[in-house]
Amino acid sequence: MPELPEVETVMRGLRERLEGRVIRRAAAHRPDLRWKLPEGFARQLTGARVRGFRRRGKYILMRLDGGRSVLLHLGMSGRIVLRRADQAEPAGLHEHLVLETDDGWRVGFVDPRRFGAADLVATGEEDTHRLLAGLGPEPLEPGFDAATLSAALAGKRTPIKAALLDQGVVAGLGNIYVCEALFRARISPRRLAASVAGRRAERLVPAIRSTLTEAIAAGGSSLRDYVQPDGELGYFQHAWKVYGREGERCERCPGPPDCAGIRRIVQSGRSTFYCPRTQR
DNA sequence: ATACGCCCCTGGTGGC
DNA sequence: TGCCACCAGGGGCGTA
């Protein structure tokens with residue numbers, strides 16, 4: 001689930017609750033997430049003060065004192081659950097990691113599918129971690145522009161949809177926001193990546209930016225199990241123009257008989273939604 | 001170097 | 001009601 005806007009929202013929720021706090025207790029209920037947790041993961045968190053947070057692509061980094069940072073990825077079904085520690089509920093189903101703060105909050109990482117991951121990395125060396133080293137530019141930072149993007153796409157003989165899902169091209173996009181950004185940019189998801197240059201790249205960059213920025217402002221998109229750490233639902237799913245809207249009339253089109261509506265195709269095993277009439 | 005299918009895992013949904 | 005196929009926001013890995 002969680003793409004950049006959801007990860008950003010979760011990271012902000014964690015920051016609000018955890019920054020400056022001391023981790024009183026930490027527990028890992030099972031070590032087999034996407035990868036095995038590092039030896040002594042929970043022990044190394046215990047007693048540390050949380051210094052700060054940042055996001056890189058779909059990864060959350062929690063900097064601790066003592067020279068270590070926690071790296072967290074939510075996978076497809078990962079979420080953070082915050083509640084008061086004194087409510088003394090047992091760990092919920094699939095609550096694999098639990099922290100308790102010195103001011104009485106309990107932070108749970110819940111991930112039924114266990115595609116999520118957590119690791120420890122030396123503070124200051126986060127970006128050289130094997131999972132972060134290959135990431136492309138942050139789409140919301142100034143360095144991400146049409147020239148950068150077309151350079152990354154140059155020579156790629158894969159559909160633009162697949163190229164944008166490649167975290168090495170740009171970090172943080174996933175299936176929903178790629179579909180939405182391509183719709184905004186009026187670019188067909190089937191177009192050869194290398195052919196997205198010039199004016200198309202000039203359209204795509206602001207389309208990606210505005211999609212992500214608006215989604216963050218909405219608290220992300222909630223479907224299935226995604227909620228913000230405080231339990232609030234994001235509401236950007238109501239602003240989706242094409243994702244999940246197969247057969248509906250696209251807002252740029254007159255509808256039947258001139259246009260058959262939004263179409264769903266499968267590209268590299270994932271659903272793509274687009275308007276064949278206005279996306280070229 | 002690159003690109004695609006497969007796999008990891010659980011749960012929800014819709015059809016029969 | 002029950003079973004089952006299919007689908008889901010991710011991404012690494014082996015193979016061509």
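In what follows, chains are A, B, ... by sequence order, proteins preceding strands, each numbered from 1.
- Distances from the side chain of Arg113(A) to the nucleotides dC9(B), dG11(C), dC7(C) place dC9(B) closest.
- Under the 4.0 Å criterion applied to side-chain N and carboxylate O atoms, Glu8(A) and Arg12(A) are assigned as salt-bridge partners.
- A salt bridge does not link Arg79(A) to Asp111(A): none of the charged nitrogens lies less than 4.0 Å from a carboxylate oxygen.
- Counting non-hydrogen atoms of other residues, nucleotides and ligands closer than 6.0 Å to CZ of Arg54(A) gives a total above 12.
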Report the secondary structure of DNA chain B in dot-bracket form, marking unpaired bases with a dot and bases paired to a different strand with |, and treating Watson-Crick or G-U pairs with both distances under 3.5 Å as paired.
-> .|||||||.|||||||
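- For the pair Phe236(A) and Pro5(A), the minimum side-chain heavy-atom distance is 4.5 Å or more.
- For the pair Asp111(A) CG and dA8(C) P, the computed distance is 18 Å after rounding to whole Å.
- Nearest-nucleotide assignment on DNA chain B puts the 5′-proximal partner with Arg34(A), out of Arg34(A) and Leu93(A).
- As judged by a 4.0 angstrom heavy-atom cut-off over every strand, Phe236(A) is placed among residues making no nucleic acid contact.
- Between Phe109(A) and His96(A), the ring planes lie perpendicular to each other; the angle is over 60°, past the 30° to 60° tilted range.
- Rounded to whole Å, the distance from CG on Leu74(A) to P on dG10(C) is 11 Å.
- Using a 4.0 Å cutoff on non-hydrogen atoms, the parts of residues 153-167 of chain A near DNA chain B are Lys156(A), Arg157(A), Thr158(A), ordered by number.
- Under the 4.0 Å criterion applied to side-chain N and carboxylate O atoms, Glu3(A) and Lys58(A) are not assigned as salt-bridge partners.
- Relative to the side chain of His94(A), the nucleotides dC7(C), dG10(C), dG11(B) differ in distance, and dG11(B) lies closest.
- What separates CG of Leu173(A) from C1' of dG10(C) is a distance of 13 Å, to the nearest Å.
- Not a single side chain to side chain donor-acceptor pair (under 3.5 Å) links Arg24(A) to another residue, sequence neighbours left out.
- Remark: Glu126(A) does not engage Arg56(A) in a salt bridge, criterion side-chain N to carboxylate O under 4.0 Å.
- Atom name P, nucleotides dC6(C) and dC6(B): the rounded distance is 14 Å, in whole Å.
- Residue-environment remark: CZ (Arg190(A)) stays at or below the threshold of 12 foreign heavy atoms within 6.0 Å.
- Across the protein-nucleic acid pair, Met76(A) atom CE and dC7(C) atom C1' stand 9 Å apart, rounded to whole Å.
- When the P atom of dG10(C) is taken as reference, atom OH of Tyr177(A) falls 10 Å away, rounded to whole Å.
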